[in-house]
Amino acid sequence: MQRVVVFTGAGISAESGINTFRDSGGLWEKYDISEVATPEAFARNPKLVIDFYNARRKQVLEAKPNAAHHALVKLENKFKVQIITQNIDDLHERAGSKNVMHLHGEIRKVRSTRFPELVYELDNAEQPYDTVCERGFPLRPHIVWFGEMVPLMELAVEHVASADIFIIIGTSLEVYPAASLIHYAETSVPKFYIDPNARSIEKLPELTIIREQAGTGTPALIEQLLKTE
Ligand code: APR
């Protein structure tokens, strides 16, 4: 079975009603990264950071997967599919995708500030301010903040390097190290980039740019791949 690796960003969830970060009206226009999305911010004002992620979680819980998420599930009928998402929402899972890796964490989980392996699912939208892990340390959102390592990066690189087909959807490719992933795909591998504002990418051979919204561009591409392979 051929392997398809799909690298997604906020754009794939935009049509589900979840804000992107860098588009006009995006989250980083309304919030200051240094106040809500860094370890220093959490140390300084944990309540503000928890409030910020509680609001993100509420939005995610109200959202539903869209045509792009659903189309990616169909791809599994014919290919071995690995999704690598920068998104913290769970819309790929709720659509039914089996193999989903979250590079930047997961909004519906919290973890111990002292023992990162102690990860807990939240039952509802709100992370309370005062809960602790089973070893007594405060909990934090299970998010990779700016300035933190991306623990799954190495595994993600391995997946991309072993892809037979590589698809990029809805990401500005501005945040590193995640954005560097695209350069690990083999030269001869067909690559597709679906994003209405996709910029051309230098030194990425076999790249087809599809300047469309994810909700229309993704089902169309997937139909084509299911037919030809
Ligand atoms: N369909 C496809 N793409 C879309 C759509 C849509 N309907 N709407 C917007 N986009 C595209 C934009 O053109 C843009 O290129 O989605 C992209 C969103 O870019 P960003 O807001 O920068 O989001 P992303 O690339 O996922 O950001 C990476 O930055 O702040 C961090 O941790 C956060 O994981 C995130 C990372």
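In listed order, ligands and their atoms are each counted from 1.
- Side-chain N/O atoms of S188 and E206 include no donor and acceptor closer than 3.5 Å.
- Atoms of ligand 1 lying under 4.0 Å from any heavy atom of N197, numbered from 1 in the order shown and given with element: 12 (C), 13 (O).
- The protein heavy atom nearest to atom 9 (C) of ligand 1 is D23 OD2, 3.4 Å.
- Salt-bridge annotation for R108 and E121: absent, with no side-chain N of the basic residue lying under 4.0 Å from a carboxylate O of the acidic one.
- The shortest N/O to N/O separation between P196 and ligand 1 does not fall below 3.5 Å.
- The protein heavy-atom contact nearest to atom 35 (C) of ligand 1 is F21 CE1, 3.5 Å.
- Close approach of ligand 1 to F146 (heavy-atom distance below 4.0 Å) involves ligand atoms 30 (O), 31 (C).
- Remark: minimum distance from atom 27 (O) of ligand 1 to any protein heavy atom is reached at R22 NH1, 3.1 Å.
- Atom-to-atom distance recorded for H102:NE2 and I83:CD1 is 9.0 Å, nearest 0.5 angstrom.
- In summary, E62 and K58 engage in a salt bridge, as defined by a charged side-chain N under 4.0 Å from a carboxylate O.
- Of all protein heavy atoms, the one lying nearest to atom 4 (C) of ligand 1 is G11 CA, 3.4 Å.
- Every atom of ligand 1 is numbered from 1 in the order shown, and the set under 4.0 Å from a heavy atom of G9 is 26 (O).
- Contact annotation: E15 has at least one heavy atom less than 4.0 Å from an atom of ligand 1.
- Using a distance-only test at 3.5 Å, with no hydrogens or angles considered, no donor-acceptor pair links the side chain of K80 to the main chain of E76.
- Side-chain atoms of Y53 and E126 form no donor-acceptor pair, as typed in the model, at a separation below 3.5 Å.
- Distances from atom 15 (O) of ligand 1 to the heavy atoms of I168, I169, D195 show the closest one on D195.
- The residue from R199, H104, Q86 that puts a heavy atom closest to atom 32 (O) of ligand 1 is H104.
- Counting protein heavy atoms only, atom 22 (O) of ligand 1 is closest to S172 OG, 2.6 Å.
- Considering only non-hydrogen protein atoms, atom 25 (O) of ligand 1 sits nearest to T171 OG1, 2.7 Å.
- Taking the six-membered ring for Trp and the full ring otherwise, the centers of F192 and F166 sit at least 6.0 Å from each other.
- Contact annotation: for Q213 versus ligand 1, heavy atoms closer than 4.0 Å belong to both the backbone and the side chain.
- Side-chain contact between V110 and L122 is present, with heavy atoms from C-beta onward closer than 4.5 Å.
- Using a 4.0 Å cut-off between charged nitrogen and carboxylate oxygen, R3 and E186 do not count as a salt-bridge pair.
- Below 3.5 Å of separation, one finds no N or O of N87 facing any N or O of ligand 1.
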Worked check of side chain to side chain contact (heavy atoms under 4.5 Å, CB included) between R22 and V175: CA-CA 11 Å; R22 292 172 188 79; V175 172; 3.0 Å; yes
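- From the protein, the heavy atom lying nearest to atom 26 (O) of ligand 1 is A10 N, 2.8 Å.
- Here the straight-line distance linking atom NE2 of H104 with atom CD1 of I107 works out to 14.0 Å at 0.5 Å rounding.
- When non-hydrogen atoms are compared, ligand 1 lies under 4.0 Å from the backbone of A214 as well as from its side chain.
- Contact annotation for T20 and ligand 1: heavy atoms of both the backbone and the side chain come within less than 4.0 Å of the ligand.
- The two atoms that bring K78 and L226 nearest to each other are NZ-O, 3.1 Å, heavy atoms only.
- The protein atom (non-hydrogen) at minimum distance from atom 8 (N) of ligand 1 is A14 CB, 3.7 Å.
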